[in-house]
2 protein chains.
Amino acid sequence: MTELMLPERQNRIRARLAQEGRVLAADLASEFSVSEDTIRRDLREMAAAGLCERVYGGALPVGLGNTSLRQRMSVAMERKRVLAQVAVRQIVPRSVVFFDAGSTHLAIAEALPDDLALTAVTNAPAIAVALAEKPRVDTVLVGGLIDRVAGGAVGARAIEALSGMRFDLCLVGTCGIDGEGGLSAFGYEDAALKQFAIARSSRVLVAATTEKFSIAAPYAVAKAAQYHCLVVEDDADPARLQIIRNEGCDIIVAARGAASAA
Amino acid sequence: MTELMLPERQNRIRARLAQEGRVLAADLASEFSVSEDTIRRDLREMAAAGLCERVYGGALPVGLGNTSLRQRMSVAMERKRVLAQVAVRQIVPRSVVFFDAGSTHLAIAEALPDDLALTAVTNAPAIAVALAEKPRVDTVLVGGLIDRVAGGAVGARAIEALSGMRFDLCLVGTCGIDGEGGLSAFGYEDAALKQFAIARSSRVLVAATTEKFSIAAPYAVAKAAQYHCLVVEDDADPARLQIIRNEGCDIIVAARGAASAA
DNA sequence: CAGGATTACGCTTAAACGTGCATAACCCGG
DNA sequence: CCGGGTTATGCACGTTTAAGCGTAATCCTG
């Protein structure tokens with residue numbers, strides 16, 4: 001077997017993932033005649049780029065049931081709940097709020113108090129289910145083809161459905177935040193929908209767990225200047241927050257335990 | 001059987017849970033060639049993540065987050081699962097299927113086998129969430145204002161979204177069945193949506209628990225001649241079934257215990 | 001209420017892991 | 001041609017993880 005260049009190797013790994021539904025680090029190492037270390041590095045990179053999901057012993061393709069929202073819900077749930085507690089206070093009664101898909105927003109939907117009257121619009125079925133529990137919330141579902149990874153409807157139909165609406169507040173999710181506070185997403189259509197929702201909202205709020213700061217996703221969604229409020233955890237890097245604050249964003253730090261604002 | 005990685009194993013357990021309604025630790029251990037201890041660990045983790053309910057000897061599925069739907073689920077949960085097992089066999093691979101809102105259809109969505117490829121269209125967020133767990137199902141969400149009672153989107157926007165589609169199979173719910181097999185619904189808009197979906201489907205299947213035969217809902221949806229197949233429980237009144245059969249419907253009786261049919 | 005089945009818990013082992021570092025290949029501006 | 005810088009890779013190290021085993025506690029059943 002002729003020696004492969006790095007991108008070739010990663011492409012082959014992707015192909016095998018798609019074809020066989022899984023890859024083992026040891027297999028790949030012997031197949032490509034490289035050390036398992038190298039393979040692990042590849043898999044780590046690919047996972048960071050959203051091309052696969054890292055598991056012990058190898059990797060699995062994204063969205064094979066393992067990336068269900070419910071699964072993501074189970075990781076860092078506690079942290080997301082803390083963010084949600086704070087974010088909920090930013091919602092003014094009787095306003096029209098867009099809930100973007102995402103586990104953090106699911107936590108926010110669950111955290112809504114029972115006496116809060118609201119018109120909620122969402123493209124994520126799981127969020128719609130959570131909202132149905134809230135007696136005073138009218139829920140509008142945005143239809144379209146469901147993106148497994150995003151966990152919500154995206155694409156032309158979803159955009160079309162949004163085009164007749166305006167929101168008082170947009171809760172937009174992000175897959176990664178760069179140094180200047182720029183948001184990015186893993187999916188092309190997902191990114192487009194987020195941009196569209198932002199453009200139709202008078203106020204935009206982003207809630208992000210700390211790990212989002214070390215993830216770079218391929219598709220840009222918005223710069224810091226385009227959203228108004230960022231809710232972060234108390235272990236976020238203050239230097240980076242200051243940069244974003246300088247762009248004109250309000251930053252709310254959700255302290256664990258006592259959820260107080262700054 | 002090739003050795004499975006941890007997330008794969010847990011996914012399979014989930015699949016079996018959804019499909020068979022329960023799992024036994026001992027069975028899973030021998031099936032996956034791991035110790036029961038490992039299986040118990042899996043089940044414990046899954047239970048902690050809210051993916052199943054731990055019981056002595058194995059685990060049971062846990063309903064989705066929706067309370068009202070969940071309540072309805074738990075009432076006739078077991079009966080609906082039996083209906084679902086039978087109804088699933090009526091779904092031909094690679095077809096386009098409309099799932100009307102309703103707890104019975106939620107049970108059907110959960111009962112879909114993992115290897116069934118399908119395009120599913122639904123107006124119920126809870127069903128969309130269940131479908132998202134199925135790796136080979138493309139899910140299209142029908143948007144609109146959510147009707148709390150029906151548990152799905154209804155009204156003008158939902159109708160509009162449906163108007164560009166045609167279905168190979170329509171799983172339509174009913175609130176009541178009258179003496180001649182006529183279907184009825186509690187909601188005006190809900191009834192309209194059902195009629196619209198039926199009109200756009202080449203085949204229509206109704207799954208109804210026995211209590212539906214003694215309920216009369218205010219809005220008529222369809223007569224027996226308009227649907228092709230009715231799945232009922234084994235305690236349904238044969239005389240009434242015969243009347244409906246005379247209208248030209250196939251009737252499939254789902255026997256409890258042995259869910260075997262042609 | 002006794003006995004077998006099932007379970008949680010702590011411990012152990014081997015595999016897989018991430019990291020830091022060294023090496024070698026390559027690129028590119030002098 | 002040459003020397004600094006970058007990149008891909010492999011290796012050694014200590015760490016983490018998954019899974020099995022033994023034991024004692026717990027649960028069902030008759």
Side-chain angles (χ1 to χ4, degrees), chain A residues 1-17 20-62 64-67 71-72 74-77 176 179 210-211 213-216 235 237, chain B residues 1-14 16-17 20-62 78:
Chain A
M1 143 105 45
T2 131
E3 212 165 283
L4 294 173
M5 312 282 264
L6 181 141
E8 289 182 291
R9 196 179 52 229
Q10 296 199 359
N11 275 336
R12 295 234 189 165
I13 295 176
R14 271 211 286 173
R16 284 190 55 141
L17 257 180
E20 300 175 24
R22 74 196 275 184
V23 290
L24 300 179
D27 286 2
L28 294 173
S30 74
E31 177 168 344
F32 298 134
S33 311
V34 294
S35 73
E36 290 193 31
D37 264 284
T38 301
I39 296 295
R40 277 198 287 268
R41 259 186 277 251
D42 287 337
L43 296 181
R44 242 179 290 163
E45 277 177 36
M46 291 167 64
L51 297 171
C52 70
E53 188 174 335
R54 200 63 236 285
V55 301
Y56 198 83
L60 297 174
V62 285
L64 202 77
N66 44 27
T67 20
Q71 197 111 1
R72 261 181 286 164
S74 59
V75 291
M77 184 61 160
T210 302
E211 83 266 12
F213 284 96
S214 50
I215 296 176
D235 59 351
D237 177 6
Chain B
M1 140 108 48
T2 97
E3 207 167 285
L4 292 174
M5 306 200 242
L6 182 142
E8 289 182 298
R9 196 179 52 229
Q10 295 197 359
N11 273 337
R12 296 238 189 162
I13 295 176
R14 274 207 289 168
R16 286 192 52 144
L17 260 178
E20 299 175 21
R22 69 187 184 134
V23 290
L24 300 178
D27 286 1
L28 294 172
S30 74
E31 178 169 343
F32 298 134
S33 310
V34 294
S35 73
E36 289 191 32
D37 219 346
T38 300
I39 296 296
R40 277 197 287 270
R41 256 187 279 251
D42 287 337
L43 296 181
R44 238 179 295 163
E45 276 177 37
M46 292 167 63
L51 297 169
C52 71
E53 191 177 331
R54 199 64 235 285
V55 297
Y56 199 81
L60 296 175
V62 66
E78 208 39 60

Q) How long is the line joining CZ of A/Phe32 and C1' of D/dG10, in whole Å? A)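 In whole Å, D/dG10 C1' and A/Phe32 CZ are 18 Å from each other.
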
Q: Return the 5'-most residue of the pair A/Arg54, B/Val55 with respect to DNA chain C, ranking by each residue's nearest nucleotide.
A: B/Val55

(Q) Checking B/Asp37 now: which residues fulfil side-chain contact (heavy atoms from CB on, under 4.5 Å) with it, not counting sequence neighbours? (A)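 Scan of B/Asp37 (side-chain contact (heavy atoms from CB on, under 4.5 Å), adjacent residues dropped) gives B/Ser35, B/Arg40, B/Arg41.
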
Q. So where does chain B start and stop touching DNA chain C, 5' to 3', when the test is distance under 4.0 Å to a non-hydrogen atom?
A. C/dA5 to C/dC9

Taking C-beta and beyond as the side chain, do [X] and [Y] meet within less than 4.5 Å on heavy atoms?
X: A/Leu28; Y: A/Arg12; answer: no
X: B/Leu43; Y: B/Ile13; answer: yes
X: A/Arg14; Y: A/Asn11; answer: yes

Q: Return yes when atom CZ of B/Arg9 has more than 12 non-hydrogen atoms of other residues, nucleotides or ligands closer than 6.0 Å, and no otherwise.
A: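 Enclosed.
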
Q) Can you tell me how far the CD atom of B/Gln10 sits from the CG atom of B/Asp42, to the nearest 0.5 Å? A) 4.5 Å

Q: Applying side-chain contact (heavy atoms from CB on, under 4.5 Å), run through A/Leu24 and B/Met5 and close with a yes or a no.
A: CA-CA 9 Å; A/Leu24 300 179; B/Met5 306 200 242; 3.6 Å; yes

**Q.** Least distance between heavy atoms, A/Arg22 atom then A/Pro61 atom
**A.** N-CD, 4.3 Å

Q: Do nucleotides 19-30 of chain D as a string where each nucleotide becomes B, S or -: B if the base has a protein heavy atom under 4.0 Å, S if just the sugar-phosphate does, - if no protein is that close.
A: BBBB----BS--

